[in-house]
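Comments concern the structure below.
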Amino acid sequence: MKITVIGTGYVGLVSGACLAELGNIVTCLDVQSEKIAKLKEGIMPIYEPGLDSVVLRNVQAGRLFFTDSYEDAILGAELISIAVGTPSADDGSVDMQYIEAAARDIGAHITEYTVIADKSTVPVGTAEKVEAIIREVSGVQVDVISNPEFLREGHAVYDFLHPARIIIGTTADDAKDRMLQAYEHVDCPKLVMDRRSAELTKYAANSFLATKISFINEMAVLAEEVGADISDVALGIGSDPRIGKDFLKAGPGWGGSCFPKDVRAMRHLAKQKGVPLPVVNAAHELNEQARIRMAKRLEEKLGSLDQKKIAILGLAFKGNTDDTRESASIEIIKYLLNHGATVIAHDPVAVVAPNDLDGYELAHIDCPYKASEGAHAVIVATEWEQFRTIDLLKLRKSSAGDLLVDTRNLFDPARAKEAGWQYLSIGRK
Ligand code: NAD
Ligand code: UGA
C-alpha cells in the first residue's frame with residue numbers, strides 16, 4: 001500500500017520506516033527541510049536504537065522516501081498517517097496548531113478519497129475536526145480515523161513491529177479495511193472501535209501507567225520509613241498477574257514527552273467536562289513531589305546546597321534515548337541551581353540547552369569519572385545500562401564527597417558501601 005507519514009519525529013520516522021519494513025511504499029514528510037535533507041543522506045535526526053538500519057534497508061529497497069513537499073507526499077497516497085507533535089499549551093490543554101496545519105495542508109493537496117489515520121495523541125473529538133477541516137479545504141470526501149501509537153522511546157522499532165494491540169478507531173468499513181491491510185503482517189489483536197473511544201484509550205493508557213508508577217513511588221516513601229525494600233515489594237505485588245511486573249520501578253517520577261503532557265491533557269479535558277478525576281489528579285501531584293524528593297534528601301544530608309558542586313549522571317528522561325523533554329534530571333538540576341549549587345553533567349547521548357535551564361550553561365562532560373571530579377555529591381538520574389556497571393570505587397576516588405544519590409536503584413547498596421559511599425537510593429533501607 002502507498003502510505004504517507006506526516007511528521008518525522010520519534011513516532012513518524014519510526015512508523016514510516018517500520019511500515020516500509022512491513023512491505024508498504026512509504027513517503028515520510030516533514031516541514032523541517034534540514035531534517036529531510038539529513039534523512040536523505042542517511043543521517044538520523046534522533047537517537048533511537050536500531051532505527052538507522054531499518055531506514056537504510058528500506059531506502060535501499062525502494063520502499064522508503066523522504067520529502068518536505070506536501071504536493072509530492074499526498075499525490076497517490078492510499079493512507080495518510082499524521083504523526084506531528086501535540087505539546088501542552090500553557091493552560092494544560094493540547095496545542096493543536098501542528099495537527100490543524102497538517103489537516104489544512106492535506107486539504108490543499110488532496111484530490112481523491114483517502115483514509116487519514118491520526119497517530120498523534122489528540123483530544124477526543126479531533127478525528128471529527130480534522131475530517132471537517134480537510135473536507136472544507138478540499139471539498140473531497142475522506143475518512144479520518146484514530147490510530148493511536150503505543151511505542152516507547154528507546155524500544156520504538158521493536159514496539160512498533162510487535163505491539164500488544166493496534167487500535168483502529170473508525171466505523172467506516174473502507175477505512176477499517178485499509179488499516180487492516182497496512183498492518184496485515186503485524187501479528188497482534190486489532191481492536192476496532194469508534195473514534196472517540198480510540199482517542200480516549202490512548203490518554204487512559206498513559207494515565208493508567210503514570211498512576212501505576214506514582215503508586216509504587218508512594219510505596220517507596222513508606223518502604224524507607226518502615227525498613228522495607230521497594231524492589232522486593234514490586235516483585236511481590238507484580239508477580240500477581242492481575243497487577244503485573246511492568247511499570248513498577250520506583251524512581252524520580254515519570255517524565256518524557258508523553259506522560260506529563262498527556263496526564264495534563266486528561267486533567268484539562270475532565271475539568272472542562274466537570275468530571276473530577278481524583279485518581280489521576282493524585283498521581284500528578286505525587287509525581288511533582290517525586291521529581292525533586294531525592295534532591296531534597298541530598299540537601300538535608302549536605303546541610304545546604306549553597307556553593308556545592310554536584311555531578312549529575314544522566315540527562316535523558318530515561319535510558320536509551322536522547323530525549324530530555326520533561327526529564328526528571330532537569331527538575332533535579334533546576335532545584336540544585338536554585339539552591340546555590342553548581343552542576344556538572346554527563347550523559348552518553350543527551351544534552352540540555354540553556355533554554356531548558358533558565359539560561360544556565362550546563363557543563364557536559366563526556367566521561368562519568370571526569371564529571372564527578374571534585375564533586376561534593378554524585379546523583380544518578382537516568383538508568384543508562386553503562387551506569388549500572390560503573391566502577392564505584394573509581395567514581396568515589398574522583399569525587400570529593402562521599403554522597404551517592406541513586407534515583408534509579410541501579411546499584412547494590414552493599415557494593416556502594418564497600419566502595420566508600422554514603423548511598424541514598426529509593427525505597428530501600
Ligand atoms: P516530535 O516532536 O519528535 O516530532 C514531530 C515532527 O512533526 C517534527 O519533526 C515536526 O517538524 C513535524 N511537524 C510539525 N508540524 C508539521 C506539519 N504541519 N507537517 C509536517 N510535519 C510537521 O514528536 P513525537 O515525539 O514523534 O510525537 C508525535 C505524536 O505522537 C505526539 O502526539 C505524541 O504525543 C505521540 N506519541 C509519541 C510517542 C513517543 O514516544 N515520542 C509515543 C506515542 C505517541
Ligand atoms: C510512554 C509509554 O510507555 C508508551 O506506551 C507511549 O506510547 C508513550 O509514552 C507515548 O504516549 O508517547 P515513553 O514516554 O517513551 O513511553 O517512556 P516510558 O518507558 O513509558 O517511561 C515514561 C516515564 O516513566 C520515564 O520517566 C520513566 O523513567 C518512568 N518509569 C517508567 C518509571 O519511573 N518506572 C517504571 O517502571 C517505568
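Atoms within a ligand are numbered from 1 in the order they appear, just like the ligands themselves. Treat the numbers as computed from the prediction; the structure is a model and nothing was measured.
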Out of V115, I133, I116, which residue meets the side chain to side chain contact (heavy atoms under 4.5 Å, CB included) rule with V144?
-> I116
For [atom], which candidate among [options] provides the closest heavy atom?
atom                    : options               : answer
atom 10 (C) of ligand 1 : D30, I36, D118        : D30
atom 5 (C) of ligand 1  : G85, S15, A102        : G85
atom 28 (C) of ligand 1 : V122, V84, D323, N206 : V84

Heavy atoms only, cut-off 4.0 Å: how does [X] contact ligand 1, side chain, backbone, both, or neither?
X    : value
S257 : side chain
C258 : side chain
Y70  : side chain
D105 : neither

Does a sphere of radius 6.0 Å around NZ in K129 hold more than 12 heavy atoms from other residues, nucleotides or ligands, not counting ones at 6.0 Å or beyond?
-> no
What do you reckon, does [X] have a nitrogen or oxygen under 3.5 Å from a nitrogen or oxygen of ligand 1?
X    : value
K261 : yes
K35  : yes
E149 : no
T86  : yes
T121 : yes
F150 : no

Hey, does Y203 have a side-chain heavy atom less than 4.5 Å from the side chain of P123?
-> yes
pair F150-K202: side-chain heavy atoms closer than 4.5 Å = yes
Using a strict 4.0 Å threshold on nitrogen-to-oxygen distance, state whether K190 and E184 make a salt bridge.
-> no
Give the atom numbers and elements of ligand 1 that come within less than 4.0 Å of a heavy atom of [X].
X   : value
I6  : 19 (N), 20 (C)
V11 : 26 (O), 30 (O), 36 (N), 37 (C), 38 (C), 39 (C), 42 (C), 43 (C), 44 (C)
Q32 : 8 (C), 9 (O), 10 (C), 11 (O)

Applying a strict 4.0 Å limit to heavy atoms, is R152 in contact with ligand 1?
-> no
Check whether any heavy atom of R325 sits under 4.0 Å from an atom of ligand 1.
-> yes
What donor-acceptor contacts under 3.5 angstrom involve side-chain atoms of residues 71-79, with partners at least two apart or in another chain?
| residue | atom | partner | partner atom | Å |
| --- | --- | --- | --- | --- |
| E78 | OE1 | K2 | N | 2.7 |

Sequence-distant partners of R196, side-chain hydrogen bond (donor to acceptor under 3.5 Å, both in side chains), two or more places apart | E128
Under the side-chain hydrogen bond (donor to acceptor under 3.5 Å, both in side chains) test, which residues partner R415, sequence neighbours left out?
-> none
Output, or 'none' if empty, a list of ligand 2-protein atom pairs in which both atoms are N or O and the distance is under 3.5 Å, rounded to 0.1 Å.
| residue | atom | partner | partner atom | Å |
| --- | --- | --- | --- | --- |
| ligand 2 | 5 (O) | F150 | O | 2.7 |
| ligand 2 | 7 (O) | F150 | O | 3.2 |
| ligand 2 | 7 (O) | L151 | N | 3.4 |
| ligand 2 | 7 (O) | L151 | O | 2.7 |
| ligand 2 | 7 (O) | K202 | NZ | 3.0 |
| ligand 2 | 11 (O) | K202 | NZ | 2.7 |
| ligand 2 | 11 (O) | N206 | ND2 | 2.8 |
| ligand 2 | 15 (O) | E153 | N | 2.8 |
| ligand 2 | 15 (O) | K318 | NZ | 3.2 |
| ligand 2 | 17 (O) | K318 | NZ | 3.0 |
| ligand 2 | 19 (O) | K318 | NZ | 2.9 |
| ligand 2 | 26 (O) | G255 | N | 2.8 |
| ligand 2 | 26 (O) | F317 | O | 3.4 |
| ligand 2 | 28 (O) | R408 | NH1 | 2.8 |
| ligand 2 | 34 (N) | K249 | O | 2.9 |
| ligand 2 | 36 (O) | L248 | N | 3.3 |
| ligand 2 | 36 (O) | K249 | N | 2.9 |

